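Some notes on the structure that comes next.
The structure presented is a predicted model; accordingly, all values stated were derived computationally and were not measured. In listed order, ligands and their atoms are each counted from 1. What you see below is based on every heavy atom in this structure, not just the backbone, and it leaves out hydrogens, waters and symmetry mates.
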Amino acid sequence: MASHDELARRLDQVRGEMARRGMDVLLVGPSTDLRYLTGLDLHPSERLTLLVLPADGAPRLVIPRFELPVVSGMPPGIEPLPWDDGEDPAAAVAALLGSGRLSAGLSGQTQLRFRFAIEPRVPHVRWMDGDTVLAPVRARKSPAEIEALRAASATADRVLADVVGLPIEGMTERELVTRIRRLIAEHGNDALTSGLAAFGPNSASPHHESGARAAAVGDAVIVDFGGARHGYRADVTRTFSVGTPSVELLEAHRVVCAANAAAFAAIRPGVAATDVDAVAREVIAGAGLADRFTHRLGHGIGLDVHEPPYLVAGEETVLEAGMVFTVEPGVYVPGRFGVRVEDVVLVTADGAERLNGFDRSLLVVA
Ligand code: ZN
Ligand code: ZN
């Protein structure tokens, strides 16, 4: 979906970061990083495919020759360098790198086997973490990216509106996930294989593997899902109650919503990610539940559902307008129930905007 102009801007921005950090060339294999820079959504495979992006000079895409038709829509200015089965693509990459001293960044999503194949041929290369130049650029979303993220989250909200109307009592977690995936597709997002439903005691496991448990009266219900629009992800969580909730569930939910609201109110340009995490943690600790909030507050979201910046203790990244991440405090009581309330949030010029508007209260489902 990214226009050639937008892709060119991204390459320029990444090259700017490379110049600042003394990185002469950046190597990127099939991944969301490659999609971000070229628009190409290629599947990782053992056959070497690498974008070789010099700080100065034309980018090349080393790729199996028979896959050339797949990259025909590549933006102008990126020149393919095809290789045939039986040839050594690592030698082609080494030739591009040349024999002079240089610093080469490798994106973290690129398969290590590519580096292992190339490294012995270029002992003069100093290897760097390519994410240091990719992450800061990817973290600042363009207007087109924000539009896609907004559409993805709005769709997730519409799915939630349908989910609360479902007869959930008696349904298994797996059945609910199947229904949610169908609804995601019906409402216009690409339905991905991610997404979970957790009932009763299972909701106390933040990354529960949805299974055969059927929802019973008194269960807390956590649904956490998203889908994607033009590759850009949604990620929303709500907690419901099957029938009247217990006093403990109500109270935990109140605390989680207060933490969500306090964190949201703290988000604006100039604030460190670690401090937003701390604000939410303080609210939950104030209710005596500090040890029940067992994960970070949130994660950046874009082409990946989890990407920088992370809202986590010690993360000193300073928030900037255009960053998009989740705010998802939770409280988990093993053997009993869990509560999580998650929204995608955009940092604006003077504060923040939630991209999810769906009711955050503890809705009762049938
Ligand atoms: Zn989620
Ligand atoms: Zn999340």
Side-chain angles (χ1 to χ4, degrees), residues 32 135 138-139 141 148-161 163-164 173 176-177 179-181 183-184 187 189-199 202-210 220-229 231-240 253 256-257 259-261 263-264 267 273 276-277 280-281 284 293-313 315 317 319 323-332 337-347 352-360 363:
T32 55
R138 284 187 57 174
K141 268 59 181 182
L149 286 162
R150 199 186 286 287
S153 281
T155 298
D157 278 354
R158 286 196 290 276
V159 172
L160 280 171
V163 168
V164 292
E173 293 166 339
L176 181 53
V177 168
R179 292 294 292 271
I180 287 173
R181 284 194 193 139
L183 288 167
I184 288 172
H187 283 284
N189 273 3
D190 294 324
L192 305 164
T193 51
S194 55
L196 71 83
F199 300 161
N202 292 344
S203 60
S205 168
H207 277 175
H208 174 64
E209 185 71 37
S210 300
V221 169
I222 287 183
V223 291
D224 182 352
F225 63 89
R229 188 69 67 95
Y232 285 84
R233 311 285 294 251
D235 187 11
V236 69
T237 306
R238 289 294 182 268
T239 305
F240 307 126
H253 192 276
V256 167
C257 282
N260 180 301
F264 176 71
I267 296 167
V276 182
D277 178 88
R281 220 158 284 284
I284 291 172
F293 181 17
T294 49
H295 55 72
R296 67 190 175 202
L297 178 64
H299 52 83
I301 186 166
L303 288 173
D304 285 310
V305 69
H306 291 179
E307 61 179 51
Y310 298 100
L311 302 188
V312 64
E315 178 54 66
T317 297
L319 303 185
M323 286 183 173
V324 180
F325 44 76
T326 67
V327 168
E328 50 180 305
V331 160
Y332 308 93
F337 63 82
V339 174
R340 182 165 66 258
V341 177
E342 172 179 33
D343 298 307
V344 172
V345 173
L346 163 70
V347 183
E353 177 194 338
R354 284 189 172 104
L355 301 191
N356 293 106
F358 189 81
D359 195 341
R360 273 169 284 277
L363 298 179

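- For the pair R354 and F264, the cation sits on the ring face: its NZ or CZ lies under 6.0 Å from the ring centre, inside 45° of the axis.
- E342 has its closest N, O or S atom to the Zn ion (ligand 2) at the position named OE2.
- Not one N, O or S atom of E328 sits under 2.8 Å from the Zn ion (ligand 1).
- Here the N, O or S atom of D224 that is nearest to the Zn ion (ligand 1) is OD1.
- The Zn ion (ligand 2) sits nearest to atom NE2 when only the N, O or S atoms of H299 are considered.
- Between the side chain of N356 and the backbone N or O of V236 there is no donor-acceptor pair closer than 3.5 Å.
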Could you check L303 against R138 for side-chain contact (heavy atoms from CB on, under 4.5 Å), going step by step and ending with a plain yes or no?
-> CA-CA 9 Å; L303 288 173; R138 284 187 57 174; 3.7 Å; yes
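- Counted by atom type alone, D304 and T32 present one or more donor-acceptor pairs between their side chains at under 3.5 Å.
- Side-chain atoms of V163 and R238, non-hydrogen and from C-beta on, never get closer than 4.5 Å to each other.
- Among the atoms of D235, an N, O or S atom falls under 2.8 Å from the Zn ion (ligand 2).
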